[in-house]
Protein chains: 4
Amino acid sequence: MPKVVPEYKETAKNRILEIAHNIFSRKGYYQTTMDDIASKVGVSKATLYIYFSSKEELFKGIYQNAPESLEQIFAATFGKGGDALQNARDFFDRMLKEYASHPALGFEVFSEATRNVALRKTLRGNYDRYVESTAKLLNQQTHGMISQYFDPRSLAQSLIALWNGMETLLVVGYPVSEVKKAWLDAFTSMFGLFRHPQK
Amino acid sequence: MPKVVPEYKETAKNRILEIAHNIFSRKGYYQTTMDDIASKVGVSKATLYIYFSSKEELFKGIYQNAPESLEQIFAATFGKGGDALQNARDFFDRMLKEYASHPALGFEVFSEATRNVALRKTLRGNYDRYVESTAKLLNQQTHGMISQYFDPRSLAQSLIALWNGMETLLVVGYPVSEVKKAWLDAFTSMFGLFRHPQK
Amino acid sequence: MPKVVPEYKETAKNRILEIAHNIFSRKGYYQTTMDDIASKVGVSKATLYIYFSSKEELFKGIYQNAPESLEQIFAATFGKGGDALQNARDFFDRMLKEYASHPALGFEVFSEATRNVALRKTLRGNYDRYVESTAKLLNQQTHGMISQYFDPRSLAQSLIALWNGMETLLVVGYPVSEVKKAWLDAFTSMFGLFRHPQK
Amino acid sequence: MPKVVPEYKETAKNRILEIAHNIFSRKGYYQTTMDDIASKVGVSKATLYIYFSSKEELFKGIYQNAPESLEQIFAATFGKGGDALQNARDFFDRMLKEYASHPALGFEVFSEATRNVALRKTLRGNYDRYVESTAKLLNQQTHGMISQYFDPRSLAQSLIALWNGMETLLVVGYPVSEVKKAWLDAFTSMFGLFRHPQK
DNA sequence: TATGAATGAGTGTTCATTCAT
DNA sequence: GATGAATGAACACTCATTCAT
């Protein structure tokens, strides 16, 4: 459960998903061929079509199978209460690991979502869950800490957006340390912790 | 409007760039064919190759030609001083318009940057400029407003990341009003304005 | 006929090779399209690429597959000893048949070899074999007939060159009978048989 | 007149021919583009079409303009009488230089002649001249040396063929010294000079 | 005479997808 | 369930040739 990286069960279908996830992440959707996947999985191309009716369906299988990570990581870090700043640090570290293993995939998915309603709806569903659970934790975590004026749901959205934005900084090539600082500074200021500067 | 010369004659190259920008934005890089572009521009495919040596080069031409927007919009909104919150609203509105006209392009570019060093470097150059100019304005705008503990450069990065993240919320389908609120709430809290709730 | 196995099942690859050989020979490398070959073979263009990774590779397959002819014909004619002049006649007749079925291919290959090191090396390998086996036969055939002053290897090269040169006379349009006479006269004189004029 | 390399007069047309000759020789007909030629000549592609109605016409211009070399070299070497073997040496050296400057062109032309009647006729015309003048010189040079049984015209053809064949040995990569020996050995034996071995 | 600009007609190559075995 | 073999439909890119200026 604490496992972040989607750990598909070892059925043929899941083996394919896992490997495809890797390749799609590395090469991007359009530059990944069914051949790439098949040969890496060690089966024939035709076999892929036994499990997935098309390349797109296979791709869908991936982001529908593994969208728990943000939620799980958020829960695993902020969920345990305690020092908010430290939790934010942990969150960053774990999300970074997640991101690093599939840097391109997220962008690819968003880009595709721009044109694909079905995908957009799926993502929206995921995000609704993210927002809800984040808001809930925010409530607990920051209880009493956040001004009454603010909306936890709204802040949850901001926080998720902020992380997504951090990924763009990483792609562009800013050093992790710098991006982490930006994340923590933003987090600190957003939650009015700035009176307690990090060492 | 910035164009002073009235005999503003679009060169063929710029016409292509503009139209290609639109199509790439709408359909994505890999689903846009040179034929698509050519026929929209109203020339033959071969003509495209007179001006750009490859599809990739044409694509490059686009994101190298118009990366000023964030900078310009930031300057145009926050640059004029005054009410920070109102500026943040203006910024959002203008960036939204920019985003809406090419929603997918940004993600496509980031995705590609994941695998393409040259592109990454170009983007990094742009971002360095963004960060610098944003930090400068932040200094002026928020003079005295931000705690001594915080780093304007770091906050500038966060702010840019935050906007990028907002775009993901938009793609996913959250209503503009909701995203705008998230942006403003985040902005407000980040800059310690929360004592002055927006009406 | 050399094929012993009756269930001589042409593999797809060999079928392609054979047909491609014909077309390349007739139209030349650059004027032969993959479509030409595919449609003559009766498969789709894509199928060609299952067996050969590129047009060039397919072309290579041809001249690497059938370079035995000169060697074989030489062996089959001069190899049997007996009347040298008659053997020379037989050699000519059989080489002519070979040449006539693919007149352009040889020149095409030589032209290409001018610029292509790999091809040059392959050809050189073939020629080394030709020279060696020709020299060997020359030794047997002309034993005692050729002056001690001459080098069989060198004469072998000359003989091969002479045949190659005869092909140029044929291309240019000299009648076969005339070219054959030139070949025989040269052969006769080279091997000191001129005291025994052909009837 | 002793000049071998075709020295076109410096008219625009001839400048083009000269440069085109070089490029065609180096890259082959099909891999030479009109752009290649135009840019090397320093004019626009369209200008080429003022002087030559097509690429093929331009190519024709080349081999119609400079076919004297074999004839001239033969005349310049064997024409002066004297030691036949030494003349054969000189001939080789000068033809080699000629060949070396345009190794591929000859093969290209022969290959093309296979399919192109007009070209074939032109070449035939050239070869008729070659044969005739060579036969004439052979008569003088070898007067009394060659058995009555042989036909100078036929031997002339053989000699020309032999040289053409030598070019194939060169393409294939045999060292010049080796090819030269083969040439001289063949020559020597063909003309019954073998009683006077070269040192 | 010279050319910048344009293009029609290819051309090799790729790839998701199918299907008989 | 698995696959080897096949392919239709594209697609980026090229190039000889034209023509208005």
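All chains are named by letter (A, B, ...) in the order of the sequence lines, taking the proteins before the strands, and each is independently numbered beginning at 1.
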Residue closer to the 5' end of DNA chain E, Y30(C) versus L48(B) (nearest nucleotide): L48(B)
Spacing between I50(C) atom CD1 and dT7(F) atom C1', to the nearest angstrom: 8 Å
Toward the 5' end of DNA chain E, by each residue's nearest nucleotide, S53(C) or K45(B): K45(B)
dT3(E) phosphate, OP1 or OP2, under 4.0 Å from T47(D) side-chain N/O: yes
Y51(A) side-chain N/O to dA2(F) phosphate OP1/OP2 under 4.0 Å: yes
Closest to the M34(D) side chain, choosing from dT11(E), dA16(F), dT17(E): dA16(F)
Value in whole Å for how far the P atom of dA16(F) lies from OH of Y29(D): 8 Å
Whole angstrom value for the distance that separates P of dC11(F) from NZ of K27(B): 8 Å
Residue pair S111(A) / T114(A), side-chain donor-acceptor N/O under 3.5 Å: no
Rounded distance in Å - CD (E56(B)) to P (dC11(F)): 18 Å
Residues E57(A), K13(A): salt bridge by 4.0 Å N-O rule: no
Interatomic distance, Y49(C) OH vs dA9(F) C1' [rounded to whole Å]: 15 Å
Spacing between D35(C) atom CG and dT7(F) atom P, to the nearest angstrom: 13 Å
Residues R115(D), E108(C): salt bridge by 4.0 Å N-O rule: yes
Given dT3(E), dT14(F), dC15(E), the nucleotide with the shortest approach to the side chain of V43(D): dT3(E)
Pair partner, dT13(E) [Watson-Crick or wobble, under 3.5 Å]: dA10(F)
Spacing of L58(A) atom CG relative to dT17(E) atom P, expressed in whole Å: 10 Å
Residue pair E112(B) / Y30(B), side-chain donor-acceptor N/O under 3.5 Å: yes
Most 5' of S44(C) and K55(B) on DNA chain F, judged by nearest nucleotide: S44(C)
d(CD1, I37(A); P, dC15(E)) in whole Å: 12 Å
Heavy-atom check, side chain of Y63(B) versus side chain of L119(B), under 4.5 Å: yes
Counterpart base for dA5(F), defined by Watson-Crick or G-U wobble contacts under 3.5 Å: dT18(E)
